[in-house]
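These figures come from a predicted structure and were not determined experimentally. Labels below follow one simple rule: chain letters A, B, ... track the order of the sequence lines, proteins then strands, and each chain is numbered from 1.
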Amino acid sequence: MNYWLLKSEPEAFSIADLARRPRRTEHWDGVRNYQARNYLREMRRGDHAFFYHSNCAVPGIAGIVSIVREGYPDFTAFDPDDPHYDPKSTPDRPRWFMVDVRHERAFERIISLQELKSFPALAGMRLLARGNRLSVMPVTAAEWSAILSLE
DNA sequence: GCCAACGTTGGC
DNA sequence: GCCAACGTTGGC
């Protein structure tokens, strides 16, 4: 099993929103960055991911989701009315992909970015790299368990 | 709201 | 293929 981190602005879609979806499952759409897209396509059913809240009062990790459907074309790219519309992505030649994620659990508290930064075991974490803007990224098994120990 | 960092676009 | 201009991300 591999580990990942997925960013979302909670004002747009939070971990609580995911918990309220039917079967606590939703597609993870709107990724429009090639590196992030490639990571989405590497995800396998049963992989786990942290749900990270970005661009909000207390940015940090809010809980855990699992991958329940592997990469398939992101249909929001085909919709001219969608904010993530991309005319260069077509059903015949889809450029962007998404996965389906299921809510596993929300943490009792947000493990804040500030706290992650202060934890030496996480010094090399991709999320904390200078200037990092990726919204989908891998997490190592060591980082995963270190973060769980902070909970 | 500011702005640093980064990715993408497009002229050449 | 270079690189300036532009748009976006996301912490603060």
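- B:dT9 atom P lies 11 Å from atom CG of A:N33, rounded to whole Å.
- Between A:I61 atom CD1 and C:dG11 atom P the separation is 12 Å, expressed in whole Å.
- Using a 4.0 Å cut-off, some side-chain N or O of A:K117 falls inside it from OP1 or OP2 of C:dC12.
- When the C1' atom of B:dC6 is taken as reference, atom CG of A:L134 falls 10 Å away, rounded to whole Å.
- What separates CG of A:N132 from P of B:dA4 is a distance of 18 Å, to the nearest Å.
- When the nucleotides C:dT9, C:dG11, B:dT8 are ranked by their closest atom to the side chain of A:R133, C:dT9 comes out on top.
- Atom CG in A:D86 sits roughly 14 Å away from atom C1' in B:dG7 (whole-Å rounding).
- Across all non-hydrogen atoms, the minimal contact from A:L116 to A:L127 is CD1-CD2, 3.9 Å.
- The CD atom of A:Q114 sits 12 Å away from the P atom of C:dG11 (whole-angstrom rounding).
- In this structure, A:Y34 does not reach the B:dC6 phosphate: none of its side-chain N or O atoms is under 4.0 Å from OP1 or OP2.
- Taking atom CD on A:E11 and atom P on C:dG10, their separation rounds to 14 Å, with Å as the unit.
- Note: A:F119 CZ to A:L128 CG = 12.0 Å, rounded to the nearest 0.5 Å.
- Taking the six-membered ring where the residue is Trp, A:F13 and A:W28 present perpendicular rings, their angle passing 60° and hence far from 30°.
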Test side-chain contact (heavy atoms from CB on, under 4.5 Å) on A:L148 and A:F107; report intermediate values, then the result. CA-CA 10 Å; A:L148 290 184; A:F107 292 156; 4.1 Å; yes
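- Per the geometry, NZ belonging to A:K7 stands 12 Å off C1' belonging to C:dT8, to the nearest Å.
- The nearest heavy atom of DNA chain B to A:N55 and to A:R95 marks one nucleotide each, and the one closer to the 5' end goes with A:N55.
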